[in-house]
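One structure below.
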Amino acid sequence: MGNTAEFYVVKHGDNLNKIASRHSVTLGQILEWNPQIENPDIIHPGQRIRVRAPHAHGEFEPFPGADFFQSSVTSPVIEAMGFRLIEEECSAYAAGPDSQWSEADRKSYAMWQRKLGFTGRDADGTPGRKSWERLHVPAVFE
């Protein structure tokens, strides 16, 4: 199926059966991985749903290099990074992250760098190895 992230953001018209089918998993797996879903018939646009088994501890995306973070790059790694930044309360996203590197990603990452104590050029929003490894972006299934 191409690039598949660990999470899926519900869109208008989705239901759990469609999402499960799209990601080649069962409805039962979706429900097992998402204990926050109390009623499988009720999901909402914008809701984040795990569509892959949780990772064992230590399975994170390796640092892809600073050149990776450019507006011409589209990758599920960027979206996964964005959700981690939101979890770390470092968000400049108006509508949530997507898979294309953007100014909102840069601003959000700069917030993360400052949260870690970086300053100046080390907090310009371009990920570096040290800050990336501390963010713990979950490995993305390609």
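Residues: numbered from 1 along the sequence shown.
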Does any non-hydrogen side-chain atom of [Y] lie less than 4.5 Å from one of [X]?
X	Y	result
Ile19	Ile43	yes
Arg84	Pro138	yes
Phe69	Asp105	no
Arg134	Leu116	yes
Trp112	Pro127	no
Met81	Leu135	yes
Lys11	Pro45	no
Ile37	Gln47	yes

What are the two closest heavy atoms between [X] and [Y], and how far apart are they?
X	Y	result
Leu31	Pro40	CD2-CB, 3.9 Å
Ser108	Ala92	OG-N, 2.8 Å
Val73	Phe68	CG2-O, 3.0 Å
Ser99	Pro76	CB-N, 4.2 Å

Taking [X] for the side chain and [Y] for the main chain, is one N or O donor matched with an acceptor at less than 3.5 Å?
X	Y	result
Lys115	Glu88	yes
Glu61	Val137	no
Tyr109	Trp132	yes
Glu89	Ile86	no
Ser131	Gly128	yes

Practice task
Identify whether Met111 and Phe83 are in the same connected component of the hydrophobic contact network (ILVMFWY, side-chain heavy atoms under 4.5 Å).
Solution key: no

Practice task
Quick one: do Glu87 and Arg48 satisfy salt bridge (Lys or Arg N to Asp or Glu O under 4.0 Å)? Show the steps, please.
Solution key: CA-CA 12 Å; Glu87 289 168 359; Arg48 186 172 173 226; 2.7 Å; yes

Exercise for the section: Under the salt bridge (Lys or Arg N to Asp or Glu O under 4.0 Å) rule, what do Asp14 and Arg22 come out as? Steps first, then yes or no, please. Expected result: CA-CA 11 Å; Asp14 277 340; Arg22 184 177 305 134; 3.4 Å; yes

Look up atom [atom1] in [X] and atom [atom2] in [Y], then write down how far apart they are to the nearest 0.5 Å.
X	Y	atom1	atom2	answer
Asn15	Asp41	CG	CG	8.5 Å
Asp124	Arg106	CG	CZ	7.0 Å
Leu85	Tyr93	CG	OH	5.0 Å
Thr26	Asn17	OG1	CG	10.0 Å
Ser75	Gln100	OG	CD	11.0 Å
His23	Gln29	NE2	CD	12.5 Å

Handout entry: Plane angle bin for Phe60 and His136 - parallel if under 30°, tilted between 30 and 60°, otherwise perpendicular
Key = parallel

Exercise for the section: Can you establish whether the number of heavy atoms outside Glu38 located under 6.0 Å from its atom CD is more than 12? Expected result: no

